[in-house]
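Small disclaimer: the values here were computed from a predicted structure and weren't measured.
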Amino acid sequence: MKNVKSEKRPHVVVIGAGFGGVKVAKSFTNKNVDVTLIDRNNYHLFQPLLYQVSTAVLAEAEIAYPVRAFFRKNKNVDFFLGAVTDFDLEQKKVITDQGSVSYDYLVVAAGATTNYFGMESVEKNSFAMKTLDESVVIRNHILQLFERADKETDAAKRKALLTFVCVGGGPTGVEESGALSELIYSVLKQEYHKLDFSDVDIKLIEATDRVLPMMPEDLRDETVNVLRSKKVDVRLNTQVMDYDGEKITFKDGEVVPTETVIWAAGVKAVPVMAKLGVAMDRAGRVIVEKTLQVPNHPEVYAIGDNAHFMQGERPLATIAPVATQQAVVCVNNILNSIEGKDLEYFEYHDVGSMATIGAGDAVMFKGIMKSKGFIAWAAWMVVHLMRLAGTHANVTVVLKWMWNFFSGTRLGRIITAH
């Protein structure tokens with residue numbers, strides 16, 4: 001059992017070491033509170049670059065950073081490695097697989113997981129990409145498929161091995177399919193001398209009539225055109241009905257043999273959020289007040305991907321800028337509450353949207369400002385480098401990006417499991 005660290009100072013427990021949770025903990029450093037940050041992993045993960053691990057651009061350590069390293073100089077912040085399994089809001093306790101943690105204030109920033117929309121066969125047989133382990137599994141799988149295809153004598157089986165389906169036309173699906181195309185046609189094609197690369201088939205599947213829905217129409221069209229120039233078969237208005245591990249079935253009846261379906265079609269809150277016993281939306285996100293507090297539990301706050309916050313006609317998107325902006329208001333409100341002051345209302349300030357389509361190619365949009373191609377890609381690099389944790393990661397990542405841009409080299413093609 002873990003006891004409250006100090007009876008003299010309020011104890012704030014933060015669940016989740018993602019963008020929102022780490023921002024909260026950092027904002028409390030050197031304040032007159034004690035903080036315990038709980039996560040099932042001992043690292044902070046830079047999720048927007050998971051696709052680059054899965055396609056051998058970057059290594060795992062370049063997008064993950066040890067949580068304790070953030071707070072080595074901040075003695076009022078402690079890290080607790082454990083998986084949250086339940087909550088006792090009446091007793092103000094978080095239950096984990098390593099014991100319970102008491103709190104005076106609780107910040108739930110546990111993030112999201114993949115949403116399969118009730119399709120059990122898809123969940124069982126496709127590949128998700130929300131965690132570091134999942135991205136490494138995809139990398140291993142892709143590389144193993146080429147080794148198998150290089151030996152396969154049956155043409156139909158070889159075609160299935162070399163068919164890759166990415167489902168979801170948001171940033172993850174777009175970035176994954178573009179990076180996969182570059183890996184295959186710019187790198188692997190030079191190394192597998194016996195393979196006929198006309199057998200390779202990369203598909204991006206989107207159920208609606210548009211990719212990157214946050215972008216204006218001309219940038220969406222640009223994205224589709226660039227992907228198609230990279231030999232990605234972009235399918236709009238195409239709905240997945242089933243995937244059994246060997247063939248994917250679409251709503252129009254088409255069946256495509258494949259051993260690779262990467263699912264990036266939706267997210268939902270992590271399942272443990274249901275244990276809070278409070279009002280939630282259909283995606284399992286906690287419905288919060290304008291102050292980010294959970295209704296009827298003023299000492300509990302929810303932010304980021306596991307929070308449903310209405311601004312305008314729809315809830316805010318599950319993106320990092322929302323989580324980090326909410327973290328600032330959340331911290332201010334907890335400090336205001338401790339001091340007996342009025343609480344702030346949260347309002348999200350749009351920082352724009354961007355997505356990379358490949359090395360040297362991206363789209364970017366904010367307000368009336370639009371950009372595409374190399375300039376947007378350079379801006380994308382700068383923004384992502386600013387958000388990466390650790391100087392070492394900044395240096396190695398920018399070097400790898402530059403090396404990949406000029407030479408196409410991807411040294412991360414290591415199969416680490418069989």
Side-chain angles (χ1 to χ4, degrees), residues 19 45-60 62-63 112 114 126-132 134-139 142 164-187 202-206 210-215 219-236 260-267 317-321 352-365 371-385 387-388 397 400-401 404-405 408 410 412:
F19 291 105
L45 177 64
F46 193 82
Q47 282 189 335
L49 292 181
L50 279 173
Y51 82 95
Q52 294 206 358
V53 173
S54 73
T55 54
V57 178
L58 300 177
E60 297 92 306
E62 289 158 348
I63 68 166
T114 305
S126 67
F127 294 91
M129 195 167 56
K130 292 294 291 181
T131 70
L132 194 59
E134 288 171 343
S135 67
V136 173
V137 166
I138 293 173
R139 183 188 69 197
I142 292 169
F164 305 90
V165 180
C166 301
V167 182
T172 300
V174 166
E175 291 170 343
E176 177 71 12
S177 57
L180 181 57
S181 172
E182 291 180 342
L183 170 65
I184 292 173
Y185 292 111
S186 299
V187 181
I202 305 171
K203 298 182 185 297
L204 176 62
I205 307 300
E206 169 56 39
R210 63 189 67 181
V211 299
L212 302 179
M214 76 295 287
M215 295 284 180
L219 293 184
R220 296 198 301 266
D221 292 343
E222 170 72 7
T223 300
V224 171
N225 291 336
V226 171
L227 287 175
R228 287 175 174 161
S229 73
K230 293 177 179 290
K231 301 182 181 180
V232 176
D233 178 14
V234 181
R235 303 270 195 97
L236 304 178
T260 308
V261 172
I262 300 171
W263 192 262
V267 297
T318 54
I319 54 177
S353 303
M354 53 176 54
T356 179
I357 319 170
D361 231 319
V363 289
M364 180 176 65
F365 171 68
S371 181
K372 62 182 180 180
F374 184 83
I375 293 176
W377 181 69
W380 177 91
M381 282 199 304
V382 170
V383 168
H384 284 69
L385 285 170
R387 294 176 180 172
L388 271 177
V397 167
K400 282 192 174 182
W401 282 346
N404 179 55
F405 176 72
R410 297 196 184 191

Salt-bridge present (E60, R139; N to O < 4.0 Å):
yes
Only one of V234, V174, L204, D361 passes side-chain contact (heavy atoms from CB on, under 4.5 Å) with T223, and that residue is V174
With side chains defined as the heavy atoms from C-beta onward, is the minimum distance between V261 and F164 less than 4.5 Å?
no
Any chance you could measure L219, atom CG, to S353, atom OG, to the nearest 0.5 Å?
10.0 Å
Do K230 and Y185 form a cation-pi contact, if we require the NZ or CZ to be under 6.0 Å from the six-membered ring centre and within 45 degrees of the ring's axis?
no
Under 3.5 Å, is there a donor-acceptor pair between the side chain of S181 and the main chain of S177?
no
Keeping the roles fixed (side chain from N404, backbone from K400), state whether a donor-acceptor pair exists under 3.5 Å.
no
Might you work through the side chain to side chain contact (heavy atoms under 4.5 Å, CB included) test for F365 and M214, ending with a clear yes or no?
CA-CA 9 Å; F365 171 68; M214 76 295 287; over 6 Å; no
Taking the side chain from E62 and the backbone from A59, do they hold a donor-acceptor pair closer than 3.5 Å?
yes
How long is the span from the CD atom in E222 to the CD1 atom in I357, to the nearest 0.5 Å?
6.0 Å
Rounded to the nearest 0.5 angstrom, the CD1-OG distance for I262 and S126 is 9.5 Å
Taking the basic N atoms (NZ, or NE/NH1/NH2) and the acidic carboxylate oxygens, is any pair closer than 4.0 Å for E206 and R235?
no
Nearest heavy-atom neighbours spanning S135 and V53:
OG-CG1, 3.5 Å
For P321 against R387, the heavy-atom pair lying closest together:
CG-NH2, 3.7 Å
Ignoring hydrogens, what is the shortest heavy-atom contact between E182 and G358? Give both atom names and the distance.
OE2-CA, 3.3 Å
Check the orientation of F405 and F374. Use parallel for under 30°, tilted for 30 to 60°, and perpendicular for over 60°.
tilted
Taking everything shown except I375 itself, do over 12 heavy atoms lie less than 6.0 Å from its CD1?
no
Say you draw a straight line from CZ of R220 to CG of L212; how long is it, rounded to the nearest 0.5 Å?
8.5 Å
Go through it in stages, so that I can follow the logic: the residues are E176 and I138, the test is side chain to side chain contact (heavy atoms under 4.5 Å, CB included), and I'd like the CA-CA distance, side-chain angles, deciding distance and then a yes or no.
CA-CA 11 Å; E176 177 71 12; I138 293 173; 4.1 Å; yes
Heavy-atom check, side chain of D233 versus side chain of L227, under 4.5 Å:
no
Going from CE on M354 to CH2 on W377, what distance comes out if it is rounded to the nearest 0.5 angstrom?
13.0 Å
Contact summary for A112 and K130, nearest pair of heavy atoms
O-CE, 3.8 Å
Minimum heavy-atom separation for A376 to S371, with atom names?
N-OG, 3.5 Å
Any donor-acceptor pair under 3.5 Å linking the side chain of S186 with the backbone of L183?
no
Just by distance, do the side chain of T356 and the backbone of E175 share a donor-acceptor pair under 3.5 Å?
no
Determine, stepwise, if the pair T114 / W263 fulfils side chain to side chain contact (heavy atoms under 4.5 Å, CB included).
CA-CA 8 Å; T114 305; W263 192 262; 3.5 Å; yes
What's the verdict on side chain to side chain contact (heavy atoms under 4.5 Å, CB included) for L49 and L388, showing C-alpha distance, side-chain angles and the deciding distance?
CA-CA 10 Å; L49 292 181; L388 271 177; 4.3 Å; yes
Can you name the closest pair of heavy atoms from A264 and G173 and give their distance?
CB-N, 4.0 Å
Looking at side-chain heavy atoms only, is the closest gap between L58 and W401 below 4.5 Å?
yes
Indicate yes or no for a side-chain donor-acceptor contact from E134 to the backbone of F127 under 3.5 Å, with no hydrogens or angles considered.
no
Anything under 30° is parallel, anything over 60° is perpendicular, the rest tilted; go ahead and classify H384 against F46.
perpendicular
So, taking the atom named CD1 in I63 and the one named CD in Q52, what distance separates them when rounded to the nearest 0.5 Å?
8.5 Å
For the side chain of R410 and the backbone of T55, is there at least one donor-acceptor N/O pair under 3.5 Å apart?
yes
